[in-house]
Structure formats: structure tokens, C-alpha cells
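Counting begins at 1 with the first residue of the sequence.
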Amino acid sequence: MTHAPSAPAESDQMTHREIMEALTGLLLAMFVAMLSSTVVSNALPAIVTDLEGSQTGYTWVVVATLLTMTATTPIWGKLADLFSKKLLVQVALVIFSAGSVVAAVAPSMGVLIGARAFQGLGVGGLTALVQVVIASMVSPRERGRYSGYIGAVFATATVSGPLLGGLIVDSPLGWRGCFVVGIPIAAIAFVVLQKTLHLPTVRRDVRIDYLGATLIMAGISLILVWVSLAGTSFDWISGTSTALVAGSVALIAAALWVEARVAPEPVIPLRLFRDRTTALATAASVMIGVAMFGATVYLSQYFQLARGMSPTEAGLMSVAMVGGLLVSSILSGRVITRTGLWKRWLVGGMVLVIAGIALLGTIDATTSLWVVGGYMALTGIGLGATMQNLVLAVQNNTAPADLGAASSVVAMFRSIGGSAGVAALGAVLAHQVSDGVRTGVEGLVRAGRISQEQLVAMQHSTGDIPKLADLPAPIRAIYEASFGDAVGHLFLVAAPFAVVAFLCILFIEEVPLRTTNGPTVAESEVEAALVATGEPADYPGYRVEGAEGDPRPGGPVR
């Protein structure tokens with residue numbers, strides 16, 4: 001085992017200019033990761049219609065990426081504690097680009113979903129590693145400023161993605177162009193990182209917990225398959241449902257056992273959750289994932305299918321939410337850097353998120369677009385003050401040797417919440433729209449406004465996503481009303497999850513941000529406990545220095 005200077009120690013010598021040069025490549029990589037989901041959002045109705053998919057297919061084009069991103073995020077985080085961070089970011093960019101090429105030429109929904117799952121492997125790496133690399137370069141106190149930049153990139157990708165996607169779908173390139181647009185940006189990010197990012201390479205024994213990661217991914221996959229297909233492909237209460245739920249519980253239980261008892265270096269170190277901040281921030285991230293991803297991913301369907309907008313027009317509507325997110329993320333990051341205090345931003349942000357989601361729960365197909373935009377802006381302001389600062393709070397309490405794992409755990413659980421939210425709320429949406437359309441069409445038949453022969457000639461399942469322009473006016477009105485009511489209902493379902501996130505944040509103890517990358521509060525507590533008991537130091541990643549019986553942490557093993 002080689003003992004080399006730790007990454008944080010050297011990163012303290014980086015000037016602001018050097019950090020900004022490296023940050024340029026990192027932010028381009030982050031932009032690519034965010035763009036991969038936002039650029040396709042307004043294209044999804046056209047994609048699913050062109051490939052003859054259903055509402056379930058619509059859901060899984062989103063869930064496939066979230067699922068693999070979720071399952072691999074902690075692995076990337078662990079690898080970041082073991083290998084060259086720059087090389088890992090570049091590998092993630094290559095994986096993302098390869099998945100994008102396959103998605104662009106996909107001939108069917110199955111191939112597209114598979115390509116999106118492969119894309120998610122790269123997105124998981126980019127999402128986790130950018131946070132880890134920034135944390136390796138700057139202290140927690142200064143990190144607030146750079147977290148603001150990440151928030152700004154997130155907002156820019158979220159704003160430009162739907163707009164760019166809408167323009168591409170309406171252009172001769174069609175929806176397939178949406179998967180190609182990120183490849184040149186990924187290539188630029190690759191080159192910029194090669195020239196500007198210079199971090200010490202970590203050297204220590206490599207032991208990756210592949211078994212634990214496989215069990216976690218399998219358990220999450222089964223539960224997502226259940227919530228997305230139950231009620232359509234099989235009943236909620238049925239033998240198939242029982243088998244899927246039981247299998248998921250068994251796999252997750254096995255994963256916990258492996259992580260706690262078997263894996264020498266678990267992909268999710270359960271000891272991290274002994275720290276109250278980490279445990280509560282992780283729980284809050286799950287709830288935010290459900291509320292944010294689960295509800296907002298269907299807003300593009302609302303604008304296109306309930307309000308009759310084009311993909312480009314639907315993209316313009318997203319400016320309201322992302323504009324609020326952009327302003328609050330930059331403002332909160334700068335103020336936190338100046339004051340070192342962060343909890344008030346988390347609490348205030350979640351209050352606004354709850355208010356915004358609750359108000360969005362009142363929308364339908366006739367709500368004024370100005371009103372909808374105002375509700376979206378309120379939600380965006382809250383999210384901008386919350387998401388990045390939860391990661392910052394965890395990093396502030398984490399040992400440098402566990403920085404990658406801890407950062408990725410928060411991102412992973414937020415993705416788990418998002419995956420479950422998208423799948424579950426997608427199932428709710430499909431069920432409500434089908435019921436609403438079926439009831440409405442039966443009413444038209446009884447009223448004589450459409451004949452039974454016309455209904456049969458349409459040959460259109462209520463579970464599919466139609467081309468509204470091809471439908472008779474009365475049936476189109478039914479679809480629009482059904483989608484409008486159903487999407488509003490999704491936000492009401494999501495609101496309680498935002499409330500739970502707020503309660504978790506209330507109980508997080510505020511610890512002033514450190515101004516160096518030295519020992520954390522959590523490490524100090526470990527050291528005190530070791531000195532009190534006389535036990536040998538076994539805090540992962542640390543060596544013992546000093547005379548026998550003097551178990552002082554000697555710093556991270558590198």
C-alpha cells in the first residue's frame with residue numbers, strides 16, 4: 001500500500017483560476033448528464049407515438065436511465081476513492097456517448113429503453129463524480145460558491161434542454177436528433193478535462209462490492225417493475241404482485257446483509273448513516289426525488305396533451321420553473337459561502353417546494369398558463385435552495401476517505417426516490433387517463449356524438465398515447481381534459497413526500513462549514529471514542545500513528 005499526499009492537501013494549493021479552469025470541464029460534463037434527460041422530455045410524446053409505445057413505455061424511457069444511474073452511482077463514488085477521478089469522469093463520458101448513439105438509431109421501444117439504460121451508466125458516473133471532484137479541490141466553506149455554479153448549470157440544462165429538444169423534434173432531424181446533440185458537448189468536456197484537471201491519483205487496494213451492487217440494482221428493479229406494470233399488465237393484488245414484492249424485499253434484505261457483514265468495502269457503507277446529518281439528508285433526498293422527478297417529469301405531457309402545445313412551446317413553459325431554480329441556487333450558494341450557514345436555506349427552500357407542489361395540484365386543462373407558470377417558478381425557487389445544499393451538508397460531516405461514497409449515496413437515494421416516483425406516478429397517470437377517456441367515450445356513444453363503428457375504426461387503446469391532431473374533436477377534448485385532471489392529481493399525490501422531506505430537514509443539526517479539507521466533526525467523534533476506549537483505530541481509510549495505545553488518526557490512507 002502506498003502512502004502519498006492526500007488529494008485535499010494538494011488541492012488547497014490550487015488558485016481560484018486553476019479551480020475555474022478545471023471546473024469548466026466538470027460543468028460541461030454535468031451539463032451533458034442533465035441534458036440527457038431534459039432534451040428528451042418534450043420529445044417523448046413524439047417518440048412513443050412514432051415507435052407505437054404506450055404510457056408504460058413513456059414511463060420506462062425515463063425510468064431506465066434513472067434506474068441504472070441509481071444503481072451505479074455508489075459504485076462510481078467508491079471508484080472515485082480508489083482510482084484517478086479524471087479518468088473515471090472521462091470513462092463516464094464515453095459510456096454516455098455510446099448509449100446516445102444506440103438510442104438515436106433505435107428501431108423499437110425495447111431497444112430505446114435498453115439504450116437509455118446504458119446511457120444511465122454514464123450519467124450515474126457524471127452525477128456522482130463531478131460532486132466528488134469539486135469536493136476534492138475546495139473546502140466545504142468555499143464549496144457553496146461552486147455548488148451555486150452547479151445549480152446554474154443544472155438550471156441552464158433544464159431550460160435549454162426542453163427548448164432544444166422541442167426545436168429538434170420540430171426540425172427535419174426529428175426526435176432522433178435529441179440523442180445526438182449531447183455527443184459533441186461530451187467530446188469537448190473530455191478534452192477540457194484532459195488539459196485542466198490534475199488531481200493526485202489515489203493508490204490503495206481495490207475491493208469493489210459487485211455482489212452488493214448487483215443485489216441493490218435487482219431489488220430496486222423488481223419494485224419498479226411492479227409499480228409501473230401493476231394495474232395494467234396484472235392486478236395490484238395478485239400472485240404476480242406478491243412474487244415481485246417478495247422478491248424485491250428478499251433481494252434488498254440480502255443486499256443489506258452483504259453490505260453490513262460480508263463486503264470488506266461495501267458500495268454503501270452503512271456506518272455512514274450513524275451520522276445524523278447523513279441519515280436525515282439521505283431520507284430527505286429520497287422524498288425530494290419522489291416529489292420532484294415523480295411529478296415534474298409529466299409536465300411536458302400536460303402542456304402537449306392537455307394544452308395542445310408543440311414541443312417547442314412546451315419547452316418555453318419550463319423556463320418558469322428553471323428560472324426560479326437558477327436564481328435561488330446561485331444566490332443561496334454565494335450567501336452560504338459568505339456566512340457558512342446553510343440550514344435556513346434548506347428549511348426555507350422546502351417550504352416553497354411544498355407550497356409550489358400543492359398549488360400545482362390544483363391545475364387542470366383550463367388553468368391559466370400564467371398561473372401554472374407562477375406555481376412552477378415557486379417550486380423551482382425552493383428546489384434551487386434545497387438540492388445541492390443537502391449534498392453540501394453531508395460532505396461537511398464526512399471523512400475525506402469516504403467523500404466519494406457519501407456524496408454518491410445522497411445522489412443515489414435521490415435517484416431511487418425519483419425512479420420510484422416516476423414509475424408509481426406514471427402508473428397512476430396511465431390508470432386515471434384510461435378511466436377518464438373510457439368514461440368520456442362511452443358518454444359520447446350514448447349521446448350519439450360518435451358511432452360505435454367510428455369507435456371501432458379508431459382501433460386505439462386508451463392505454464396508448466395518441467396523436468391528438470388525428471382524433472375527432474370530441475375525443476380530443478376528452479383526452480385533453482383527462483390528461484389535465486390526471487397531471488394535477490399527481491402533484492397532490494407528491495405533496496406528502498415533500499412534507500416528509502421538510503420534517504427530515506428540520507431535525508438536521510447545523511454544523512458550520514469547515515474552511516479546510518481537514519478532519520470532520522464525524523472524525524473527531526470517532527477519535528474521541530477511540531481514545532476513551534483504548535481500542536485500535538479502525539475507522540476506514542485511516543492509519544494509526546503514535547505509540548502503542550495512542551490511537552490517533554493519522555489522516556486518510558492514500
Do I505 and M287 have side chains that approach each other closer than 4.5 Å (heavy atoms only, starting at C-beta)?
no
State, yes or no, whether a side-chain contact exists between I288 and F497 at a heavy-atom distance under 4.5 Å.
no
G384 backbone acceptor or donor facing S329 side chain under 3.5 Å
no
Between E509 and T277, do the side chains contain a donor N or O and an acceptor N or O under 3.5 Å apart?
no
Which residue is it: L88, I95, V89? I am looking for the one with a side chain to side chain contact (heavy atoms under 4.5 Å, CB included) to V91.
I95
Sequence neighbours excluded, which residues qualify as side chain to side chain donor-acceptor pair (under 3.5 Å) partners of T65?
R116
Let me confirm one number: the CG-CG distance from D485 to L429, rounded to the nearest 0.5 Å.
11.0 Å
Does atom CZ of F507 have more than 12 heavy-atom neighbours from other groups under 6.0 Å away?
no
Rounded at 0.5 Å granularity, tell me how far CE in M317 sits from CZ in R307.
8.0 Å
Side chains of F31 and I188, heavy atoms from C-beta outward: is any pair under 4.5 Å?
no
To the nearest 0.5 angstrom, please state how far the SG atom of C504 sits from the CG atom of L280.
6.0 Å
Answer yes or no: is there a donor N or O on one side and an acceptor on the other, between the side chain of E510 and the main chain of K343, under 3.5 Å?
yes
A side-chain contact here means heavy atoms from C-beta on lying under 4.5 Å apart; do F96 and V123 qualify?
yes
Nearest 0.5 Å, what's the CZ-CD1 distance between F502 and I354?
6.0 Å
Is W76 reaching over with its side chain to a backbone N or O of L121, donor-acceptor style, under 3.5 angstrom?
yes
Could you tell me the separation between the CG atom of L390 and the CD1 atom of I508, rounded to the nearest 0.5 Å?
6.0 Å
Any I185 side-chain heavy atom under 4.5 Å of L35 side chain:
yes
Would you check if V101 and F179 make a side-chain contact, meaning some heavy-atom pair closer than 4.5 Å?
no
Verify, without hydrogens or angle tests, whether S332 (side chain) and A385 (backbone) share a donor-acceptor contact under 3.5 angstrom.
no
Kindly indicate whether the side chain of L360, heavy atoms from C-beta on, has any atom under 4.5 Å from the side chain of V487.
no
The reported gap from SG in C178 to CG in L164 (rounded to nearest 0.5 angstrom) is 7.0 Å
Taking the side chain as every heavy atom from C-beta outward, state whether T362 and Y375 have any pair of such atoms under 4.5 Å apart.
yes
Pairing residues for T278 by the side chain to side chain donor-acceptor pair (under 3.5 Å) criterion, not counting sequence neighbours
D275
